[in-house]
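Below is one structure, written out as structure tokens; comments come after it.
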Amino acid sequence: MENGVASTKEEGFLSRMALNDNKAGMEGLDRDKINKIIMETSKGSKFYENELKRDQQVNQRITKMMLQKARITEQQLKKAQAQVEKVATALEKSRDLSRVIVHVDMDAFYAAVEMRDCPELKDKPMAVGSMSMLSTSNYHARKYGVRAAMPGFIAKKLCPSLVIVPLNFDKYRAVSNEIREIFADYDPNFQPLSLDEAYLDFTDHLEQRQHWPESARTHHFRVRDMTTAELSQEAMTEIRELSPVLFEDSPGSSPSPVGPEGVRAPAGDFEVFGTSVEEAVREMRFRIEQKTMLTASAGIAPNMMLAKVCSDKNKPNGQYRLPSTREAVMDFIHNLPVRKVCGIGKVSEKMLNALGISTCSHLGQQMALLSLLFSETAWHHFLEVSLGLGSTYIPRHEERKSMSTERTFKELSKVEEQLSLCRELCEDLAEDMKKEGLKGKTVTLKLKNVNFEVKTRAMTLPCAVATVDEIFAVAKDLLKTEIENESPQPLRLRLMGVRISAFASLDDKKPLQKSIIGFLQSANAASKNEGSGENAPVIAKAGSPAKASENNHLPPDLSETPSPVQAHASTSACAESETLTCPVCFRKVETTDLNVFNTHIDQCLSNASQKTNNGTESDTESESDLKKDREERAAVNKLRRRHEAQEKKSKVNPQKGQSSVKKDSVQKVSLIKDDNKTATSQEPQPSNSKGPVFVCPVCQLTQETHDLAVFNHHVDLCLNQEVLHELGRQTSSSINLSPRTSLCVYSEKFVKSLGPCNTIDKFFR
DNA sequence: GTTCGAACA
DNA sequence: GTGTTGTTCGAAC
């Protein structure tokens with residue numbers, strides 16, 4: 001109520017830096033004094049400067065919004081109002097008050113666990129985390145303004161006697177498992193939000209509960225569960241004192257005091273809970289407390305949005321039920337600060353405040369305006385909030401959409417260190433991916449420099465990847481590009497992260513993967529037999545049978561790590577086009593079904609390998625087949641030699657030596673060359689070489705690189721494909737190209753190419 | 001459809 | 001001495 005308005009009239013300090021007292025246990029604090037200390041401690045730091053910048057950006061957004069508002073006509077507003085009413089009517093129709101949704105939230109969870117395990121902390125202001133960052137604080141500390149997401153060193157300024165306890169996730173996870181077991185008794189499909197929070201649908205439980213005998217609603221105090229026979233009254237009192245570790249003055253509805261329905265045995269060793277919602281929830285909280293010696297708070301409401309707000313109402317160690325009537329809901333919403341609503345954070349709050357909106361009823365009053373100033377998704381959400389609506393269905397199990405790992409460190413500017421850190425992150429990520437059996441197509445690199453500026457760079461591959469080498473191949477390229485873009489200045493990093501997303505289900509990929517590996521295996525065997533110089537080692541690396549499925553045992557040497565193309569060659573192929581070209585017979589396969597395509601390749605491969613086997617292991621092969629085979633090889637070698645000759649010339653002078661290249665493309669290449677003539681083809685280009693984009697003269701596609709060497713690789717690659725297709729045209733009608741010959745065309749350059757891996761994709765088209 | 005920054009929990 | 005993980009959205013391309 002009061003806090004919304006306060007941030008609109010901030011004087012001099014950044015609203016985003018100021019104390020966020022939107023948290024239980026933080027009412028009635030001396031905000032001004034606390035904010036002064038926060039500002040004084042922060043001022044001048046890089047972090048502060050960045051926050052200042054971001055605050056100004058938000059202010060600009062607000063200015064823009066206000067200008068937009070000023071241009072809105074009466075007529076527009078009227079029309080908007082009609083539209084809003086239409087949507088509101090529809091929403092109102094869908095209002096469902098029949099579900100009983102509960103949001104449970106452990107009180108100051110990490111801090112409470114630490115206090116439970118170390119009673120000396122009980123009466124001290126304490127927080128869990130480090131000097132850099134606190135995860136949570138106990139209620140003593142909150143009185144000083146110390147709260148979650150506050151750096152420890154600032155907290156120490158606010159409260160010099162603060163005890164900071166390091167995080168112990170294993171412990172919290174163990175407790176979390178304990179409470180989840182209890183949740184499952186009330187709703188087996190409960191949705192955990194974090195280690196200490198969950199949504200539960202109590203509807204079904206309550207229905208059954210009505211028929212439960214008292215015995216099923218009777219729960220014992222902890223002492224009863226102890227194996228030791230009888231505990232003295234003193235011992236029991238002691239345990240009870242330990243239990244609500246948090247506070248003396250809890251707002252109410254604690255699981256222990258008897259409610260109207262509950263029955264407490266005189267000795268206090270068991271309690272019978274009633275059949276109402278409140279009783280059921282109180283029982284759940286009681287059981288949590290008995291099991292973990294920690295308290296929880298809960299909110300009971302007809303939907304998730306409201307339940308979450310309600311669980312905060314009587315925190316700590318309390319619960320609040322919002323009756324399931326429209327009237328009660330609307331009353332509840334009326335003065336509710338918008339910031340209390342899940343999804344409305346400090347930026348949205350500030351923007352709404354600028355429009356004079358601080359409570360949910362304001363929201364309802366201004367909906368027409370909001371519908372003109374905010375996106376559809378945003379104003380629909382606002383409208384729902386203003387009507388007290390939220391989801392009544394708790395999703396069972398949401399599938400993960402991304403997985404990431406990131407690390408903050410003290411300044412890292414050396415390229416080698418950055419690369420090796422990047423690899424470490426990829427190793428961690430790959431390990432996690434393996435645990436969940438995931439593969440993803442999009443790799444995102446996250447960088448934060450010493451000025452706290454965050455950048456993300458992503459690359460989507462045509463095929464899902466999972467191993468260290470595959471992920472690192474992409475992340476490394478992304479990182480290298482950023483390093484190049486910054487050069488000659490170094491990237492001064494304080495954080496690096498790697499994320500993988502766009503998951504493919506493993507079932508989709510497995511069969512095809514087998515095929516490609518088989519493909520490369522045959523090739524490897526063939527190339528060894530043939531002993532054909534340059535190709536052999538490369539093929540062996542990408543597709544040697546032992547390493548094909550798990551090629552994360554490559555040497556850690558950075559220069560030896562595979563490029564994305566190589567990574568793909570070893571794992572997968574994707575097909576998203578309408579027709580697919582078989583890499584073995586070069587015929588177009590009219591399908592988008594990878595399994596069908598796969599079967600086709602398998603067929604081709606088995607034909608081919610039969611031929612190969614026959615050739616090497618039996619004498620039954622006909623002369624003509626042998627001859628054909630030799631012809632194929634001769635053709636491939638001839639084309640390859642021709643291409644190599646062209647390539648040598650083009651390395652020296654890209655304009656020449658590419659006879660098949662169209663004129664206009666050549667001009668583009670020469671333009672690029674002029675721009676880069678000072679750079680050697682081996683070294684990353686300095687930032688001043690940004691100039692024109694590279695357009696491949698063969699495939700006509702723009703290449704995302706400023707490095708001529710990289711670009712050359714790509715052109716080589718395309719030329720190789722030309723060779724392939726030329727060969728394909730020559731042979732598709734009469735000669736069935738065997739895997740070993742077609743594999744010869746995977747020249748070293750192809751496999752080593754740094755170019756984007758859609759080249760492989762193209763190959764399969 | 002992809003990429004990227006931003007907001008949010 | 002200002003964290004980590006994951007999701008979602010909107011804008012730009």
Side-chain angles (χ1 to χ4, degrees), chain A residues 14 16-17 20 22-23 38 41-51 53-55 57-58 60-61 103 105 128-136 147-157 164 166-167 169 192-197 199 304 308 312 339-351 374-381 395 398-411 425 428-429 432 441-448 450-462 478 481-482 494-503 576 702 704 756 758:
Chain A
L14 292 82
R16 39 185 315 119
M17 295 275 299
N20 175 1
N22 177 40
K23 188 122 183 127
I38 295 176
T41 316
S42 301
K43 220 156 203 167
S45 68
K46 292 274 172 66
F47 178 82
Y48 179 89
E49 295 301 319
N50 191 252
E51 287 300 289
K53 202 175 95 189
R54 292 177 64 186
D55 203 47
Q57 281 168 2
V58 174
Q60 277 173 16
R61 271 175 72 182
H103 178 255
D105 191 358
V128 180
S130 68
M131 257 334 218
S132 304
M133 187 51 63
L134 302 179
S135 288
T136 190
R147 58 155 297 154
M150 178 181 273
F153 69 92
I154 289 180
K156 278 276 197 187
K157 288 260 164 67
I164 298 178
L167 282 156
F169 269 109
L193 289 180
S194 57
L195 288 181
D196 73 316
E197 251 182 282
Y199 282 113
M304 292 166 82
K308 172 116 179 159
D312 198 51
R339 186 67 175 86
K340 292 274 182 192
V341 176
C342 186
I344 300 181
K346 54 183 166 191
V347 172
S348 304
E349 181 195 22
K350 194 174 174 180
M351 304 216 12
F374 288 82
S375 72
E376 192 177 68
T377 326
W379 76 257
H380 278 197
H381 181 235
E398 300 270 275
E399 272 204 357
R400 165 197 285 288
K401 297 198 170 80
S402 72
M403 186 181 266
S404 68
T405 180
E406 64 184 58
R407 230 170 278 166
T408 294
F409 33 79
K410 75 180 214 300
E411 181 173 344
L425 291 165
D428 291 353
L429 186 58
D432 292 345
K441 287 202 283 189
T442 304
V443 176
T444 307
L445 178 76
K446 177 175 171 181
L447 302 173
K448 191 194 275 180
V450 290
N451 296 321
F452 290 86
E453 292 158 339
V454 178
K455 229 183 232 179
T456 59
R457 292 293 176 260
M459 162 117 97
T460 298
L461 308 166
L478 293 168
T481 306
E482 288 313 300
R494 82 180 321 273
L495 172 145
M496 193 188 291
V498 183
R499 172 178 301 265
I500 189 149
S501 54
F503 293 135
E576 268 143 24
T702 305
E704 289 291 322
N758 63 8

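In what follows, every heavy atom counts, from backbone to side chain, and hydrogens, waters and symmetry copies are set aside. Residue numbers begin at 1 in each chain, while the letters A, B, ... track the order of the sequences.
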ask   = What is the nucleic acid contact for A:V498, judged by heavy atoms within less than 4.0 Å: base, sugar-phosphate only, or nothing?
value = nothing

task = Examine the base of B:dT3 for any acceptor or donor lying under 3.5 Å from a partner atom in the side chain of A:T456, and report the outcome as yes or no.
result = no

request  = Could you list the residues that satisfy ring-ring contact (aromatic ring centres under 6.0 Å, His included) with A:F452, not counting sequence neighbours?
outcome  = A:F47

query = Which of the following nucleotides, C:dG3, B:dT3, C:dT4, is nearest to the side chain of A:A149?
reply = C:dG3

ask   = Residues in ring-ring contact (aromatic ring centres under 6.0 Å, His included) with A:F169, at least two apart?
value = A:Y110, A:Y172

key: Listed partners of A:Q57 passing side chain to side chain donor-acceptor pair (under 3.5 Å), at least two apart   = none

A:T408 backbone acceptor or donor facing A:R494 side chain under 3.5 Å = no

query = Is any N or O donor-acceptor pair between the side chain of A:R400 and the base of C:dG6 shorter than 3.5 Å?
reply = no

message = Both A:K346 and A:K455 contact DNA chain B. Taking the nearest nucleotide for each, which residue is further toward the 5' end?
response = A:K455

note = Of C:dT2, B:dC4, B:dA9, the nucleotide closest to the side chain of A:C342 is B:dA9

request  = Just jot down the ring-ring contact (aromatic ring centres under 6.0 Å, His included) partners of A:F153, sequence neighbours excluded, or say none.
outcome  = none

ask   = When you match A:S135 and A:S404 each to their closest nucleotide on DNA chain C, which lands nearer the 5' end?
value = A:S135

message = Categorize A:Q57 for me: base, sugar-phosphate, or nothing, with a 4.0 angstrom heavy-atom threshold over every strand shown.
response = sugar-phosphate

inquiry  = Going by the rule side chain to side chain donor-acceptor pair (under 3.5 Å), which residues pair with A:T442 if we only count those two or more places apart in sequence or in a different chain?
reply    = A:T460

query = So what does A:T405 touch, heavy atoms closer than 4.0 Å: a base, only the sugar-phosphate, or nothing?
reply = sugar-phosphate

key: B:dA9 phosphate, OP1 or OP2, under 4.0 Å from A:R339 side-chain N/O   = yes

message = Once you apply a heavy-atom cut-off of 4.0 Å, does A:L495 come out as touching a base, just sugar-phosphate, or nothing?
response = sugar-phosphate

task = Not counting sequence neighbours, which residues clear side chain to side chain donor-acceptor pair (under 3.5 Å) with A:D196? List them please.
result = A:S194

query = A:R54 side chain N/O closer than 4.0 Å to the phosphate oxygens (OP1, OP2) of B:dA7?
reply = yes

key: Donor-acceptor contact below 3.5 Å, side chain A:N20 vs main chain A:N22   = yes

inquiry  = For DNA chain C, please output the secondary structure as dot-bracket, reading 5' to 3'. Pairs are Watson-Crick or G-U wobble, both atom distances under 3.5 Å; mark crossing pairs with [ ], other-strand partners with |, unpaired with a dot.
reply    = ....|||||||||

request  = Check every strand shown and say whether A:M150 touches a base, only sugar-phosphate, or nothing at a heavy-atom separation below 4.0 Å.
outcome  = nothing

request  = Look at the side chain of A:E406 and decide which nucleotide, out of C:dT2, C:dG1, C:dT5, has an atom nearest to it.
outcome  = C:dT5

message = Using a heavy-atom cut-off of 4.0 Å across all strands, would you classify A:R499 as base, sugar-phosphate, or nothing?
response = base

ask   = Counting side-chain heavy atoms from CB outward, which of B:dA6, C:dG3, C:dT7 is closest to A:K401?
value = C:dT7

message = So, using side chain to side chain donor-acceptor pair (under 3.5 Å) as the criterion, who are the partners of A:T405 when residues are at least two apart?
response = none

Strictly under 3.5 Å: I want the nitrogen or oxygen pairs between protein and nucleotides 10-13 of chain C, one per line.
residue: C:dG10; atom: OP1; partner: A:S375; partner atom: OG; Å: 2.1
residue: C:dG10; atom: OP1; partner: A:T377; partner atom: OG1; Å: 3.0
residue: C:dG10; atom: OP2; partner: A:T377; partner atom: OG1; Å: 3.1

